Amino acid sequence: MSQKIRGVKGTRDVLPIDTYVKDEDPWVRVGHYQLIEQTARELFPLYGYREARTPILERTELFVRGIGEVTDIVGKEMYTFDDRGESVTMRPENTASLVRAYIEHNVNQQEPETKWWYLGPMFRRERQQRGRYRQFTQIGVEAFGNPGPRIDAEQIEMLERWLRMLGMPFSMHLNTLGDANCRPRYREALQEYLRAHADDLCEECRKRTETNPIRVLDCKNPKCQEVVAGAPRMQEFLCDACKAHFAAVQEALQRLGVAFVIDPKLVRGLDYYTRTAYEAIATSGLGAQSTLAGGGRYDGLVKELGGPDIPGIGFAAGVERMALLIAQQGRERVTRPVVFIAPLGEAEAARADQLAQQLRAAGIAAEVSFRKANPANQLKRADALGARFALVLGDAEMKADRGKLKEMKTGAQHEVSLSALAGEVKKLEGSG
RNA sequence: GUGGCUGUAGCUCAAUGGUAGAGCACUGGACUGUGACUCCAGGUGUUGCCGGUUCGAGUCCGGUCAGCCACCCCA
């Protein structure tokens, strides 16, 4: 045997069978992903969100301008390469791409207020750990063209509903980041305060004080947290408009019955966020990477990327993290045959193929045995596949055009007509 | 990018420096006309890879790769 080729570090295969073992955790299978995706596909359109798909490959410039040059994502985590003289990057997130598409196709001319949702792989070159991989899947939404605050609450409520439908253990955290008017003033005040306490900060935070002081707020270092406890708070610096917006979002959430906690330390990693910021954080089942979904308002982003002055708000959810929790609950979307047909000879095999074809045409999942084996082994196979019914097709059945449809669970055998098999199966399916 | 732990069969795991094992799963048979139970048989493998120490390395040492966990960052 020649050398095995292995998958790229930090990427995983998601198969319909068990693959990765995570100590006491159950294994993540494709059925767990499908449950999450299917729920989103059904729920989001109820709120007016329609699916949008953008390319995985974008010009590097898009992310540099959209996400921010000093962020870790752009600074050191992107898969960037030269495409014959042009620098391109595999998307590390999807918001910048959707904004690009919105601008490129002049969507604001047709329907300035539009709601999109997306699903797909993102790429960041990080060291992997529980709930964090180099290729990961995000499901997210963006609502363009409405400044809020009611749409903010609507979106947060949709996220909450989605996560609750999936049985996720989580709590919703809410904060405001201010806007172009008040954030700079806060930033300055915070910076001043942090400089005065530089001796008590970790090395990293001393750097952040100069590059991105707001990030110091969510540093996990206990000493930094002590300093942060006495730091000026965004709330005290909010301009009247931001204050009113924040209050209105909270009121709207209360009206909709959404539970949330105000979290002044909640800051979003990407530069483009303004005002409303929110995160759904898992309360159990995950390790250090417990943010299931993070979102916020980005009123300046569309303009920043060369488009009209259009506001927006969106969230992105990490499917791998959700899949871990889904797997822990044992909830899964499984596909199994309804009817398993086991022909005993050559002529029967030909008939079996046609019977399966007819069943499938009628919308019934059918599996036909391709191997020669005695009835006992065929039944064993039907059992392993989880088939609901098994049909052994032999000489007698061929002659009579009737067969015995065996219900695997109970062992009961139902005499059915072969030419009318699909109808017979549907009748039995309904009855039991 | 930094640190810690771990690498033996498809999976879960054993083997004092001295001949690679068990359970589960898988395939076939007992059973050309009915599965789950039972019995029998059978692949289960360059012990992650490379090197070193040794008469001898799955075991000790070094390196490397991968996985896991945490930092960082984020979904």
Side-chain angles (χ1 to χ4, degrees), chain A residues 1-4 6-12 15 17-25 27 67 70-77 92-95 121-140 159 202-205 207-208 212 215 218-221 267-270 279-282 286-295 314-324 340 342-345 348 371-387 389-397 403-413:
Chain A
M1 188 172 69
S2 54
Q3 192 68 37
K4 270 189 202 172
R6 284 185 307 207
V8 173
K9 184 185 176 89
T11 66
R12 11 187 57 197
L15 306 176
I17 58 167
D18 296 336
T19 46
Y20 297 95
V21 184
K22 312 263 295 175
D23 293 334
E24 69 282 357
D25 275 358
W27 304 358
I67 299 173
V70 298
T71 60
D72 279 10
I73 293 176
V74 172
K76 50 194 190 199
E77 295 174 359
E93 53 101 53
N94 209 183
T95 299
M122 310 296 158
F123 303 83
R124 293 181 199 172
R125 200 178 186 292
E126 301 177 276
R127 190 80 164 259
Q128 81 242 42
Q129 69 184 78
R130 186 172 175 81
R132 191 178 73 183
Y133 312 99
R134 291 185 171 184
Q135 176 176 335
F136 59 103
T137 314
Q138 282 189 337
I139 295 179
L159 173 61
C202 68
E203 194 185 337
E204 197 59 37
C205 282
K207 265 187 255 169
R208 289 195 190 111
N212 198 355
R215 289 237 61 107
D218 66 351
C219 179
K220 283 173 193 160
N221 187 307
V267 295
R268 315 264 38 250
L270 284 49
E279 264 180 24
I281 299 174
L286 292 178
Q289 309 301 324
S290 56
T291 302
L292 293 175
F315 70 73
V319 177
E320 280 71 16
R321 293 175 188 178
M322 293 171 69
L324 270 172
F340 181 85
L344 296 179
E348 289 90 339
R371 60 176 84 159
K372 260 195 188 148
N374 60 42
N377 279 327
Q378 298 281 25
L379 269 281
K380 230 178 251 182
R381 175 114 180 108
D383 190 45
L385 288 170
F389 301 102
L391 177 69
V392 175
L393 202 58
D395 204 38
E397 285 83 359
K404 279 183 234 137
L405 200 57
K406 176 162 185 165
E407 191 152 8
M408 296 302 288
K409 214 168 176 179
T410 61
Q413 307 225 46

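Since we're looking at a predicted model, the values are computed, not measured. Protein chains get the first letters and strands the later ones, always in sequence-line order, with residue 1 at the start of each.
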Base [N] paired with [X] side chain (donor-acceptor, <3.5 Å):
{"X": "A:R321", "N": "B:C74", "answer": "yes"}
{"X": "A:E126", "N": "B:A75", "answer": "yes"}
{"X": "A:R132", "N": "B:C72", "answer": "yes"}

A:L393 CG to B:U34 P, in whole Å, measures 16 Å
Please give, in whole Å, the distance from B:C68 P to A:E320 CD?
12 Å
Determine the Euclidean distance between corresponding [atom1] atoms of [M] and [N]; express it in Å to zero decimal places.
{"N": "B:G58", "M": "B:U16", "atom1": "C1'", "value": "13 Å"}
{"N": "B:A36", "M": "B:A25", "atom1": "C1'", "value": "16 Å"}
{"N": "B:A15", "M": "B:C69", "atom1": "C1'", "value": "28 Å"}
{"N": "B:G62", "M": "B:G7", "atom1": "P", "value": "15 Å"}
{"N": "B:G10", "M": "B:G52", "atom1": "P", "value": "28 Å"}
{"N": "B:C13", "M": "B:A9", "atom1": "P", "value": "11 Å"}
{"N": "B:C68", "M": "B:U59", "atom1": "P", "value": "24 Å"}

For [X], answer base if it contacts any base atom (sugar-phosphate contacts may also be present), sugar-phosphate if it contacts only those atoms, and nothing otherwise; contact means non-hydrogen atoms under 4.0 Å.
{"X": "A:A390", "value": "nothing"}
{"X": "A:I139", "value": "nothing"}
{"X": "A:G287", "value": "sugar-phosphate"}
{"X": "A:E348", "value": "nothing"}
{"X": "A:E77", "value": "sugar-phosphate"}

Using 0.5 Å steps for rounding, measure from the CZ atom of A:R132 to the CD atom of A:E320.
13.0 Å
Report the distance from atom CG of A:L292 to atom CZ of A:F315, rounding to the nearest 0.5 Å.
11.0 Å
Hey, are the side chains of A:R371 and A:R381 touching, using non-hydrogen atoms and a 4.5 Å cut-off?
yes
Report yes if some heavy atom in the side chain of A:I67 is under 4.5 Å from a heavy atom in the side chain of A:E93; otherwise report no.
yes
Sort by first number and list every stem of RNA chain B: at least 3 consecutive Watson-Crick or G-U wobble pairs, both distances under 3.5 Å.
B:1-7 with B:65-71, B:10-13 with B:21-24, B:26-30 with B:38-42, B:48-52 with B:60-64
Assert: residue with more 5' nearest nucleotide on RNA chain B, out of A:A317 and A:G10, is A:G10
Residue mapping more 5' on RNA chain B - nearest nucleotide basis, A:G294 or A:D395
A:D395
Can a side chain N or O of [X] be found less than 4.0 Å away from OP1 or OP2 on [N]?
{"X": "A:K9", "N": "B:G67", "result": "yes"}
{"X": "A:Q129", "N": "B:C69", "result": "no"}
{"X": "A:R12", "N": "B:C68", "result": "yes"}
{"X": "A:R127", "N": "B:G3", "result": "no"}
{"X": "A:K76", "N": "B:G1", "result": "no"}

Nucleic acid footprint by protein, nucleotides 35-43 of chain B - heavy-atom cut-off 4.0 Å, B for base, S for sugar-phosphate alone
BB-------
How far apart are the closest heavy atoms of A:F340 and A:A382, and which atoms are they?
CD2-CB, 3.5 Å
